[in-house]
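To keep things clear, I will list the structure first and then write my remarks on it.
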2 protein chains.
Amino acid sequence: MNTASERASVTRRRILDVAARQFRALGYAGVGLRGIAAEAGMKAGSLYYHFDSKEDIVAAVLEIGIDLVHDAVAEAVRSAEGTQSAEAVLRTAITRHLYAFFKWSDYTSANVRIFGQVPEGIRDANLPARRRYEKLWDEILERFQSEGLAREGIDVHATRSFLLGAMNAMPEWFDSERGDIDTLARKYADIVLHGIVEPGDERTA
Amino acid sequence: MNTASERASVTRRRILDVAARQFRALGYAGVGLRGIAAEAGMKAGSLYYHFDSKEDIVAAVLEIGIDLVHDAVAEAVRSAEGTQSAEAVLRTAITRHLYAFFKWSDYTSANVRIFGQVPEGIRDANLPARRRYEKLWDEILERFQSEGLAREGIDVHATRSFLLGAMNAMPEWFDSERGDIDTLARKYADIVLHGIVEPGDERTA
DNA sequence: GTCTATATGATGATAGAC
DNA sequence: GTCTATCATCATATAGAC
């Protein structure tokens, strides 16, 4: 790679960083190319050297948003799968998801928030990445059933949707000044693994 | 009430129904007054007979979104509080929340999706209603602790955020053709109450 | 109550200078 | 690579006829 295209890549990434942050905060239609350009240090027309359209920009943001969190969780799961228990793998996956979500939260949060607002073609293009990530979580949860650890009646699909929904809502209220991700991940894992009720004879409902 | 103002109220409500549906799908900035007016069977200028501004419309949608689900859950909780167990109350609350969320999902989903996108003044105006609803859930969860039913280390605030986040994500994937709300509510309650892992000697993580 | 007409400004996108 | 200038279209909001 020569210097020119390297620098082009850096600029491209800076534009996407800005776009992700603004899409997350303002929604798809709430973000204007003039606003993105201003925060990236250029004029609106200059964006078209790096991207073909606003849709092109948002498509890139959506894809990165899923890929970042997928790779973070998949890497941890693949390396732990042979040696660690299903419970340990789930705890690691939850921790990685929350870390990724918090760290690159602009891209992943933008994906969660604006996915339903973008033009249909952009949504369709992002669907395979989403399905792939959901499948990863289904495999993590299915181990509990194949190893006979799951309570009867557990629905993997409902459990995955429940857990991802809970985790994805985290950036809306979590304050990193008042708590840390590891502690939160442990609390979330505790709930989904064992629930809030002390086991015993209280099953009177 | 005379006939004129009654009909005005009906029209006002029809406008809000349309606005809630569009805000939910397209985000705050993605909705235009022309689009709302068209679907409500009038021209954009006519909206100003019923509302002062676009902000006025979205403020009403946000408020209704919280109030509907709050009243549905609060009514069930208050009537069951003296006679039913903490677990039964939680199960009822989850069922009511999911029903309300599904039934009036345009208003409540719009609130969840666009709350972060509206002008700051509108957000601030909706905050008391949100806080009130969160407090209701905290009280439901605190009963487990005050009655000694909760596992040690349970964090009410984290649990409430976890549970509300999970439930609020439901409209994005739930298909009423393939499942019913009661079954889903039971699964969600089972997870948050007892977790996915069969109690026993598997605590090796 | 709803209409038309309009004021004023922002939007995505393009063309061509530098 | 970034700029300026521009186009056509859209936005919210208002005024006044009916």
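This one's a predicted model, so the numbers in the text were calculated from it and none came from an experiment. Convention: sequence-line order gives letters A, B, ...; per-chain numbering from 1.
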**Complete:** Once base and sugar-phosphate atoms are separated, protein heavy atoms under 4.0 Å mark nucleotides 2-18 of chain C, 5' to 3', with B, S and - as BBB------BBBB----
Can you give the donor-acceptor pairs under 3.5 Å from side chains of residues 163-173 of chain A to other protein atoms, not counting sequence neighbours?
from: A/N168; atom 1: OD1; to: A/H97; atom 2: NE2; distance (Å): 2.9
from: A/N168; atom 1: ND2; to: A/L164; atom 2: O; distance (Å): 3.3

**Prompt:** Is the shortest distance from a Lys or Arg side-chain nitrogen in B/R21 or B/D17 to a carboxylate oxygen in the other one below 4.0 Å?
**Reply:** no
**Message:** Consider side-chain contact (heavy atoms from CB on, under 4.5 Å). Of A/V18, A/L33, A/V31, which one does A/I57 pass it with?
**Reply:** A/L33
**Message:** Tell me every residue that passes ring-ring contact (aromatic ring centres under 6.0 Å, His included) with A/F102, counting only those two or more places apart in sequence or in another chain.
**Reply:** A/F174
**Asked** Does the side chain of A/I66 reach to within under 4.5 Å of the side chain of A/F115, using non-hydrogen atoms?
**Response** no
